[in-house]
Amino acid sequence: MAENKNTKTVMDKDGIERCLTRIAYEILEKNKGMENIVLVGIRTGGVYLAERLQKKISDIERDKIPLGILDITLYRDDISVSTKKPRLGETKINFSLDDKIVILVDDVLFTGRTIRAAMDALIDFGRPKMIQLAVLIDRGHRELPIRADFVGKNLPSSLWEAVRVDLVEKDGMDEVVIEEGT
Amino acid sequence: MKFEKKDILGIKDLSVDEINLILETAESFLEISTRKIKKVPTLRGKTIINLFYEASTRTRTSFEIAGKRLSADTINISASTSSVVKGETLIDTARNLEAMNPDVIVIRHSAAGAPHLLASLVKQSIINAGDGAHEHPTQALLDIMTIKEHKGKISGLKVAIIGDIEHSRVARSNIYGLSKMGAQVVLAGPATMLPRYIEQMGVKVYTKMEDAITNADVVMMLRIQLERQKQSLFPSLREYSQHYCLNRNNIKLARKDVIVMHPGPINRGVEISPDIADDPSCSVILDQVNKGVAVRMALLYLLTGGGE
């Protein structure tokens with residue numbers, strides 16, 4: 001992404017990698033191994049982060065854990081008030097969530113409304129034993145009583161700023177930037 | 001791109017981009033029908049009226065299921081049990097329904113143009129579920145989606161549509177849609193069932209079925225619509241089936257990987273032999289029905305504001 005004067009890079013490629021490595025270990029530590037753990041990434045940034053976490057966890061434990069993709073568009077709470085709805089992406093969860101520990105993965109935790117929608121969607125797929133939340137960035141400003149279990153970096157931000165997570169898979173490079181006045 | 005249309009009246013009015021957006025959205029909706037809990041809360045609080053002036057099993061059920069899986073409230077009105085039998089006009093019925101504030105009205109009517117009339121009168125979104133022998137856009141969309149899934153593309157395919165072209169809204173919508181998407185459409189049927197000047201839609205026309213299905217990638221058989229025939233357009237059903245029934249023999253003329261489609265309901269042994277209709281290696285008839293729900297979910301979603 002092009003650098004302009006109103007943006008500030010707060011995390012680079014190595015920073016993101018180190019955060020994800022730590023989160024992978026924290027997930028295994030908290031759940032005492034990888035038994036019954038499944039990852040579900042929220043479209044689109046969360047999916048790539050979940051894929052990376054899946055790889056890291058399988059490198060550590062030498063076994064693969066299931067990975068699902070969730071599009072939360074149909075569960076948004078602003079869908080009936082906004083005149084134009086976002087384009088739909090595909091949801092792909094090819095395994096049962098019953099009695100599983102679901103690690104929900106997203107790039108930025110902000111108001112918490114996306115996570116609320118994601119939890120409603122997950123419960124339509126089954127009855128997980130537990131849902132835990134992993135995010136790369138927690139930027140504050142929650143509007144719902146939701147918190148993350150695994151956080152890459154707490155990034156206090158003002159409401160006038162936008163936090164953008166660029167990932168190699170979709171943007172060609174890894175970085176977290178704050179944009180002003182958007 | 002945004003979906004700007006208020007109504008879905010015909011494939012003729014849709015651009016290639018709009019068709020692609022509808023198909024992509026429908027792809028995402030396919031998965032919902034495979035879940036244990038087949039419902040998402042997206043259209044909670046929206047009301048959809050299915051106003052059917054003609055008999056229907058597939059289309060009406062499909063629209064109703066599509067609405068319900070999106071959590072909308074769907075209401076079915078069929079002409080035989082409504083005030084139509086008391087002599088209420090379509091316009092009066094429409095104004096009264098409008099006063100109850102639904103969000104979408106789905107209409108099937110025996111008169112071509114009925115949905116267009118409705119669309120000009122009421123502020124709600126109108127979806128044409130078949131108007132006379134004019135258009136049946138949702139059928140064409142689900143047909144295109146089915147072909148695309150099996151063939152991976154539309155452009156460059158040879159699609160043969162066989163039977164009663166004159167009375168078929170399915171044929172007309174498919175000719176518009178498939179031609180727009182780059183397929184070569186060929187038609188065949190008895191001369192009495194081929195409308196005059198149909199070649200002007202950019203299709204090749206034959207009276208012998210064998211000529212049309214030779215090397216076809218897709219063969220779409222049409223139902224003989226006995227209810228629309230006041231005069232006799234062919235001597236007997238038996239004679240019709242001798243010339244225009246898809247069977248084990250003539251299907252060999254088509255490409256080896258041909259898929260066979262039919263909008264339903266099928267007249268077994270008249271336009272399609274049962275062993276072809278039930279052969280999972282070529283028949284995609286039930287797959288069409290499956291795609292129908294997803295396409296209609298996509299349209300309801302897009303018309304109530306989705307798609308940016």
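A note on names: the letters A, B, ... follow the listed sequences, proteins ahead of strands, and every chain is numbered from 1.
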Seminar exercise, completed: On a heavy-atom basis, the closest approach of B:Lys39 and A:Tyr75 is O-OH, 3.8 Å

Problem set entry | Heavy atoms from other residues, nucleotides or ligands near CD of A:Glu26 exceed 12 (cutoff 6.0 Å) | yes

Exercise. Is it the case that more than 12 heavy atoms not belonging to A:Lys129 sit under 6.0 Å from its NZ atom?
Worked result: no

Problem set entry | B:Phe29 side, atom CZ; A:Leu74 side, atom CG - distance, nearest 0.5 Å | 4.5 Å

For this session: Kindly compute the distance separating OG (B:Ser28) from CZ (A:Arg43), expressed to the nearest 0.5 Å.
Result: 7.5 Å

Exercise. In Å, rounded to the nearest 0.5 Å, how long is the span from CD1 of B:Ile32 to CG of A:Leu88?
Worked result: 7.5 Å

For this session: Give a yes or no on this: more than 12 heavy atoms of other residues, nucleotides or ligands lie within 6.0 Å of atom NZ of B:Lys6.
Result: yes

Exercise. For the atom pair CD (B:Glu27) and CD (A:Glu90), what is the distance rounded to the nearest 0.5 Å?
Worked result: 7.5 Å

Exercise. In terms of heavy-atom contacts, does NZ of A:Lys13 have more than 12 from other residues, nucleotides or ligands at under 6.0 Å?
Worked result: no

Problem set entry | Options A:Thr91, A:Asp120, A:Ile93, ranked by heavy-atom pairs under 4.5 Å with chain B, top entry | A:Thr91

Problem set entry | Heavy-atom neighbours of A:Glu29 CD exceed 12 at 6.0 Å | no

Problem set entry | Intermediate values then yes/no, salt bridge (charged side-chain N to carboxylate O under 4.0 Å, His left out), B:Lys36 and A:Asp98 | CA-CA 12 Å; B:Lys36 261 193 280 180; A:Asp98 291 341; 3.4 Å; yes

Exercise. Do other residues, nucleotides or ligands put more than 12 heavy atoms under 6.0 Å from A:Arg127 CZ?
Worked result: no

